[in-house]
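Worksheet for the structure shown next.
A note on names: the letters A, B, ... follow the listed sequences, proteins ahead of strands, and every chain is numbered from 1.
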Protein chains: 2
Amino acid sequence: MFTGWSIHALDAKGRLAIPARFRDVLRDEGDERLVLTTSERCLVAYPYNEWRAVADKVSRLSRVDPKVLAFRRYFISGATESLCDKQGRVLIPQPLRELAGLDGQVYLVGMQHNFEIWDKDRWYAEREQISANFGDLSSFMADLGI
Amino acid sequence: MFTGWSIHALDAKGRLAIPARFRDVLRDEGDERLVLTTSERCLVAYPYNEWRAVADKVSRLSRVDPKVLAFRRYFISGATESLCDKQGRVLIPQPLRELAGLDGQVYLVGMQHNFEIWDKDRWYAEREQISANFGDLSSFMADLGI
DNA sequence: AAGAGTTACCCCACAATTCCCCACTTATTA
DNA sequence: TAATAAGTGGGGAATTGTGGGGTAACTCTT
């Protein structure tokens, strides 16, 4: 499981260090490949197999249905397979960097089955946002029996 | 599979570089021909065989049904076969360039079986649009566990 | 039918990016 | 406080992308 936050710097070449404990998770699962994908305001990193399952399902859906196209465009199209270099970094493709507004300080956020990559300011803004709607969340959680 | 985004410049002659990883997909399938077609706000590029499958199906449909005619006009009629030059570029025919509003920065977007070619501003507008109608997509997301 | 202008296609040269190293600094652990 | 691990920075080769010249084909005009 991916848990905890890390702050790392995105270097001038667009590389981002992956925290050792995240890399350990990958190694323990026997496949160090990572897939970077886009989400709304951040990037999401999946272990390769985890992502494969999703991508395979989607690939079998319609090639013309507008809803499927929208979904594919939004969540699938950006997926980029990558490997850590010897120093444990991945190169974030320029368009993904741009989408997620990454520069300078980056937050890596464990989300159990995957982890997210946030620009620092956006990450704090996101938490603000969530906390503004906290009431709704709590009742939602309560419904789930948590 | 075509995945990931690339940003390339459309040069003064209307040529567009195809990312190396997309060209690899074509080469691996043993047929480097590409078919460019029109879609709603962007262009779509198919490997030749993939396109053939679509075009063959449509060719067997009615020659008079207005819906089929409309579909044919919209998605089929603009199809243009083309090959990459030695530098890995294709020439985008001027009418298609115009239709998709391409100039300057162009996004190439992997859509699994094919890839789309977007004007940068339109691409971001499209994402906005999708995210505004997120409700439509929730069924997929639930299905896929995203 | 000939000539001017445009467009497409081939080529080469340069620029930018990516990839693969190695070295240094900062944390962590013993 | 040494020893090991983690994270950062940067050099240099290889790959990828960009710009542009020159010739051939094609269109349009006269």
Check: B:Y107 ring centre within less than 6.0 Å of B:W118 ring centre: no
How close or far is atom P of C:dA8 from atom CD1 of B:I92, stated in whole angstroms? 12 Å
I need the NE2-P distance between A:H8 and C:dA27, as an integer number of Å. 11 Å
Roughly how many Å is it from CZ in B:R89 to P in C:dA13, rounded to a whole number? 15 Å
Indicate yes or no: does A:R27 engage A:D24 in a salt bridge with an N to O separation below 4.0 Å. yes
Starting at CG of A:L16 and ending at C1' of C:dC19, how long is that distance when rounded to a whole Å? 17 Å
Could you give the CD1-to-C1' distance, from A:I7 to C:dT26, as a whole number of Å? 15 Å
How is B:I18 classified with respect to the nucleic acid when contacts are heavy atoms under 4.0 Å: base, sugar-phosphate, or nothing? sugar-phosphate
May I ask you to verify if any side-chain N or O of B:K86 is less than 4.0 angstrom from the OP1 or OP2 atom of C:dC11? yes
Can you find an N or O donor on one side and an acceptor on the other, under 3.5 Å apart, linking the side chain of B:Q87 with the base of C:dC12? yes
Side-chain heavy atoms under 4.5 angstrom apart, residues restricted to Ile, Leu, Val, Met, Phe, Trp, Tyr: same cluster for B:I130 and A:F75? yes
Ring-ring centroid check A:F115 A:Y46, cutoff 6.0 Å: no
Rounded to the nearest angstrom, tell me the gap between atom CG in A:D85 and atom C1' in C:dT17. 15 Å
Touch check for A:R21, heavy atoms < 4.0 angstrom, all strands: base, sugar-phosphate only, or nothing? nothing
So, the side chain of A:R97 versus the backbone of A:I92: is there a donor-acceptor pair under 3.5 Å, distance only? yes
Flag yes if B:L10 and B:L43 sit in one hydrophobic cluster, no otherwise; membership is Ile, Leu, Val, Met, Phe, Trp, Tyr, and two members link when side-chain heavy atoms are under 4.5 Å apart. yes
Is B:E116 close to B:L108 at the side-chain level, that is, under 4.5 Å between some pair of heavy atoms? no
DNA chain D nearest-nucleotide lookup for A:L10 and A:D24: closer to the 5′ end is A:D24
Could you tell me the separation between the CG atom of B:L91 and the P atom of C:dT6, rounded to a whole number of Å? 17 Å
Provide the start and end nucleotides, 5' to 3', of the part of DNA chain D that has atoms under 4.0 Å from heavy atoms of chain B. D:dT16 to D:dG22
Can you tell me the distance, in whole Å, between the CZ atom of B:R15 and the P atom of C:dC10? 12 Å
